[in-house]
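Everything below concerns the one structure shown next.
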Amino acid sequence: MARNQMRAARGVTAAVVLIVMGQQALAADLAQAVSVPQAGASVTEVPSPWQIRLRALGVITEDSGYVNAVPGSDLSYSNTVTPELDISYFFTDNVAAELVLGTTYANIEGQGTIGGLGNIGKVWLLPPTLTLQYHFTNFGAFKPYVGAGVNYTIFYNQDVGSADALKVKNTFGTALQVGFDYMVDQHWGVNFDVKKLFLQPDFEVTVNGAKVTGKAELDPWLIGAGVTYRF
């Protein structure tokens, strides 16, 4: 009987020792997991995926186009400067999507055999453009990128000049892009950006009661410079 009691006491003692040692090990692991960085230790803040830019944008059009069934007809368009806002979302450090928002106008002039018409009319255009970009991240604060995407241009507030009526039709286009950000700090930077839009809308125009159709080969260059903010 005494021998059995002695064995039981030894077993209980061993169990207590094991429990105490396990609790100490668990406490050490927990302390290591929730340890607070010491003063002066660097903490890297993960940047937000959202970024915005505000640019001054120069819109330089190609002076080309024609009126159907009028040999030698040509068109030219005014160049403009306008403010532009874009919103970017970074899926990864390298891959982002950018939505470009801005509006401007174009005066349409007759050239070639229709040069006597002078100013045919004026249209405003809203060309939201969505591009998918690749950003290069191995140049420090200098962050170049390239992109390609699609554009849908809406023509509105169409006013006539020498024409009796003018209707430029909304159309899809494509876009190529190259640019860079130079980041001054984690949030602020400067930006330079060049886009080429391939944009050739159809139009209808009525002159002296005769209705004709044609194509306006705008194909503008969009050259912008401004500031970048990364949230």
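Residue numbers count from 1 along this sequence.
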Q | Side chain proximity check, Pro49 to Phe91, heavy atoms < 4.5 angstrom | A | no
Q: Return the set of residues passing side chain to side chain contact (heavy atoms under 4.5 Å, CB included) with Phe172 (not counting sequence neighbours), or none when no residue passes.
A: Tyr152
Q. Between atom CD of Gln186 and atom CZ of Phe231, what is the distance when rounded to the nearest 0.5 Å?
A. 13.5 Å
Q.
For Ala106, is there any backbone N or O sitting under 3.5 Å from a side-chain donor or acceptor partner on Ser78?
A. no
Q. Rounded to the nearest 0.5 Å, how far apart are CZ of Phe139 and OG1 of Thr137?
A. 9.0 Å
Q. Is there a donor-acceptor contact under 3.5 Å from the side chain of Ser48 to the main chain of Trp50?
A. yes
Q: Mark yes or no for whether Glu98, through its side chain, and Ile87, through its backbone, hold a donor-acceptor pair below 3.5 Å.
A: no
Q) Would you say the side-chain atoms of Tyr77 pair up with the backbone N or O of Ser64, donor to acceptor, closer than 3.5 Å? A) yes
Q.
Less than 4.5 Å apart, side chain to side chain, heavy atoms only: is that true for Asn191 and Arg55?
A. yes
Q: Evaluate side-chain hydrogen bond (donor to acceptor under 3.5 Å, both in side chains) for Tyr145 paired with Asp193, printing each intermediate quantity in order.
A: CA-CA 9 Å; Tyr145 57 86; Asp193 183 272; 2.6 Å; yes
Q: Enter the distance from Asp202:CG to Asn68:CG here, rounded to the nearest 0.5 Å.
A: 8.0 Å
Q) Mind checking whether Tyr105 and Thr80 have side chains closer than 4.5 Å, heavy atoms only? A) yes
**Q.** Selection residues 112-125 - residue pairs positive for side chain to side chain donor-acceptor pair (under 3.5 Å), sequence neighbours left out
**A.** Glu109-Asn119
**Q.** Candidate pair Ile154 and Thr103, rule side-chain contact (heavy atoms from CB on, under 4.5 Å), full reasoning
**A.** CA-CA 10 Å; Ile154 300 167; Thr103 188; over 6 Å; no
**Q.** By side chain to side chain contact (heavy atoms under 4.5 Å, CB included) - contacts of Val227 (at least two apart)
**A.** Leu54
Q: Applying side-chain hydrogen bond (donor to acceptor under 3.5 Å, both in side chains), run through Asp181 and Thr228 and close with a yes or a no.
A: CA-CA 7 Å; Asp181 293 300; Thr228 298; 2.7 Å; yes
Q.
Tell me whether the count of non-hydrogen atoms from other residues, nucleotides or ligands lying under 6.0 Å of CG in Asn208 goes above 12.
A. no
Q) side chain to side chain donor-acceptor pair (under 3.5 Å): which pairs involve residues 159-175, sequence neighbours left out? A) Lys169-Glu204
Q. Less than 6.0 Å separating the ring centroids of Phe180 and Tyr182?
A. no
Q) Which residues pass the side chain to side chain contact (heavy atoms under 4.5 Å, CB included) test with Ile60, sequence neighbours left out? A) Asn79, Trp221, Ile223
(Q) Determine whether Asp219 and Gln200 satisfy the following criterion, side-chain hydrogen bond (donor to acceptor under 3.5 Å, both in side chains), listing intermediate values before the conclusion. (A) CA-CA 7 Å; Asp219 293 340; Gln200 299 186 0; 3.0 Å; yes
**Q.** Polar side-chain atom of Thr206 near backbone of Gly209 as donor-acceptor pair, under 3.5 Å
**A.** no
Q. Hey, what do you get for CG (Leu125) to OG1 (Thr61), rounding to the nearest 0.5 Å?
A. 10.0 Å
(Q) If the condition is side chain to side chain donor-acceptor pair (under 3.5 Å), which residues does Thr153 pass it with, not counting sequence neighbours? (A) Asn151
Q: Begin with the C-alpha distance, continue with both residues' side-chain angles, and end with the deciding distance and a verdict on side-chain contact (heavy atoms from CB on, under 4.5 Å) for Asp74 and Tyr66.
A: CA-CA 5 Å; Asp74 201 357; Tyr66 56 86; over 6 Å; no
Q. Is it true that a side-chain atom of Asn94 and a backbone atom of His135 form a donor plus acceptor pair closer than 3.5 Å?
A. yes
Q) Which heavy atom in Ala175 sits nearest to a heavy atom in Thr131, and how many Å separate them? A) CB-CG2, 4.5 Å
Q. Quick one: does Leu57's side chain get under 4.5 Å of Pro83's, heavy atoms only?
A. no
Q) Does the pair Glu84/Arg53 count as a salt bridge with the N-to-O cut at 4.0 Å? A) no
Q. Is NZ or CZ of Arg230 both nearer than 6.0 Å to the six-membered ring centre of Phe90 and within 45° of the ring axis?
A. yes
Q) Is Val190 reachable from Leu222 through a run of I, L, V, M, F, W or Y residues, each pair having side-chain heavy atoms under 4.5 Å apart? A) no
Q: For residues Ser76 and Gln111, report the shortest heavy-atom separation together with the two atoms involved.
A: OG-NE2, 3.2 Å
**Q.** Minimum side-chain heavy-atom gap Ile120-Leu75 below 4.5 Å
**A.** yes
Q | Distance, nearest 0.5 Å, that separates CG of Asp86 from CG of Leu99 | A | 8.0 Å
Q: Please test Asn157 against Val123 for side-chain contact (heavy atoms from CB on, under 4.5 Å), starting from the C-alpha separation and ending with a verdict.
A: CA-CA 6 Å; Asn157 285 357; Val123 298; over 6 Å; no
Q. Do Leu197 and Thr129 come close enough that some side-chain heavy atom pair is under 4.5 Å?
A. yes
**Q.** Worked check of side-chain contact (heavy atoms from CB on, under 4.5 Å) between Val168 and Gln158
**A.** CA-CA 8 Å; Val168 183; Gln158 304 191 39; 3.7 Å; yes
Q | Hydrophobic cluster identity match, Tyr156 and Phe203, side-chain contacts under 4.5 Å | A | no
